[in-house]
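Take a look at the structure below.
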Amino acid sequence: MAIIDSIAALESLYGLPNEASTVKEVPRVTPQYRALIEASPFAMLATSGPEGLDCSPRGDRPGFVRVHDERTLMLPDRRGNNRADSLRNIIGDPQVALCMLIPGWGNALRVNGRAHLQTDPALLASFAVEGKQPRSVVVIAVDAVYFQCARAIVRSGLWNAERHVAPGSLPSAGDILATLSDERVGGPEYDRAWPDRARRTLW
């Protein structure tokens, strides 16, 4: 195997980035980047901690990642499966990264920073939706913001409805759980109950 094991070898193969690839990165939320953050309903939160890596999907109404100021973002931790992998990692290592998507927009927006968890009652109340508050808020001190080249989204056809997969053609969550648990959990009943459970526990 031909293994790349040095930065020099990597740069020899790929070359150096052009100015457009570097000038877009800034250590703050500019007005244009703020507009993108406030339009995004979906982000992936990447964390690293003593127990390993995590990359967790986060979705909410557009603007759910709040721009507190040009150096601070706030992300509510909505209801989930209570594994709290991302939150455990943040306690162990504050470095985080966000990759934000906007349906129909060709690029992705990237944010790197350092996070801590906040449970101030007034802050939690400010993120309430339909009377339900998050249990914590991830507060991110911004180190870098930049947009990601659109090629990956173009190649994937992510926003092309004609390339969307029919849900019934893939294993369901109930199928996967039943197989991995020797039928103790999951199965058809899990899948039948999920839509109503999601509606009742969304926030």
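Heads up: numbering here begins at 1 and tracks the sequence.
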side-chain contact (heavy atoms from CB on, under 4.5 Å) assessment of Met100 paired with Ile37: CA-CA 7 Å; Met100 307 179 70; Ile37 292 169; 3.9 Å; yes
I'd like to know whether Arg78 forms a salt bridge (Lys or Arg N to Asp or Glu O under 4.0 Å) with Glu130, so could you lay out the CA-CA distance, the side-chain angles of the two residues, the decisive distance to 0.1 Å, and finally the verdict. CA-CA 12 Å; Arg78 301 290 185 198; Glu130 297 182 5; over 6 Å; no
Working for side-chain contact (heavy atoms from CB on, under 4.5 Å), residues Tyr146 and Thr22: CA-CA 9 Å; Tyr146 56 99; Thr22 56; over 6 Å; no
Between Leu123 and Met74, is a side-chain contact (heavy atoms from CB on, under 4.5 Å) present by the stated rule, with each step listed? CA-CA 10 Å; Leu123 181 60; Met74 296 180 172; 3.7 Å; yes
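With values rounded to the nearest 0.5 angstrom, Asp54 atom CG is found 11.0 Å from Arg88 atom CZ. In this structure, OG on Ser56 lies 6.0 Å from CG on Leu45, to the nearest 0.5 angstrom. Rounding to the nearest 0.5 Å gives a distance of 10.5 Å between CG of Asn107 and CZ of Arg151. Rounded to the nearest 0.5 angstrom, Arg110 CZ and Lys24 NZ are separated by 9.0 Å. Within the model, atoms CZ of Arg135 and OG1 of Thr119 stand 12.5 Å from one another, a figure rounded to the nearest 0.5 Å. For the atom pair CG of Asn89 and OG of Ser48, the computed distance is 6.0 Å after rounding to the nearest 0.5 Å.
Under the side chain to side chain donor-acceptor pair (under 3.5 Å) criterion, Asp196 pairs with Arg200, sequence neighbours left out. Under the salt bridge (charged side-chain N to carboxylate O under 4.0 Å, His left out) criterion, Glu38 pairs with Arg34, not counting sequence neighbours. Remark: Val185 engages Leu177, Ser181 in a side chain to side chain contact (heavy atoms under 4.5 Å, CB included) (not counting sequence neighbours). Taking the side chain to side chain contact (heavy atoms under 4.5 Å, CB included) definition, one finds that Leu87 meets it with Asp77, Ala84, Leu117, Ser136, Val138, sequence neighbours left out. Qualifying salt bridge (charged side-chain N to carboxylate O under 4.0 Å, His left out) partners for Arg184, counting only residues two or more places apart in sequence or in other chains: none.
Smallest separation of non-hydrogen atoms from Pro171 and Ile176: CB-CG1, 4.1 Å. The minimum heavy-atom distance linking Cys55 with Pro57 is given by the pair O-CD, 4.0 Å. Counting all heavy atoms, side chain and backbone alike, Ala39 lies closest to Pro62 at O-CB, 3.8 Å. Between Gln118 and Leu124 the shortest heavy-atom distance is O-CD2, 4.1 Å. Counting all heavy atoms, side chain and backbone alike, Phe127 lies closest to Phe64 at CE2-O, 4.0 Å.
Side-chain contact of Thr30 with Arg28: a donor-acceptor pair under 3.5 Å is absent, judged by distance alone. In the model, Ser126 has a side-chain atom that pairs as donor or acceptor with a side-chain atom of Arg66 under 3.5 Å. Under the 3.5 Å distance criterion, with hydrogens and angles disregarded, a donor-acceptor pair is assigned to the side chains of Asn18 and Ser21.
Under a 3.5 Å cut-off, the side chain of Asp93 and the backbone N or O of Pro50 do not form any donor-acceptor pair. Under the 3.5 Å distance criterion, the side-chain polar atoms of Asn112 are left unmatched by any main-chain donor or acceptor of Ala144. Remark: side-chain polar atoms of Thr179 are paired, donor with acceptor, to backbone N or O of Asp175 under 3.5 angstrom.
Through side-chain heavy atoms spaced under 4.5 Å, either directly or across other Ile, Leu, Val, Met, Phe, Trp or Tyr residues, Trp159 is tied to Phe42, Met44, Leu101, Ile153, Leu158.
Val139 and Val145 end up in different hydrophobic clusters when Ile, Leu, Val, Met, Phe, Trp and Tyr side chains are linked at under 4.5 Å. Both Val26 and Val96 belong to a common hydrophobic cluster when Ile, Leu, Val, Met, Phe, Trp and Tyr are linked at side-chain heavy-atom distances under 4.5 angstrom. Linking ILVMFWY side-chain heavy atoms closer than 4.5 Å, directly or via other members, places Leu73 and Leu36 in a single hydrophobic cluster. Both Leu109 and Val29 are assigned to one and the same hydrophobic cluster, defined by single-linkage of ILVMFWY side chains at heavy-atom distances under 4.5 Å. A continuous path of hydrophobic side-chain contacts links Leu98 to Val142 [ILVMFWY only; heavy atoms under 4.5 Å].
For Gln148, the CD atom counts as densely surrounded, since its 6.0 Å shell holds more than 12 non-hydrogen atoms of other residues, nucleotides or ligands. Open room surrounds CD1 on Ile7; 12 or fewer heavy atoms of other groups in view lie less than 6.0 Å from it.
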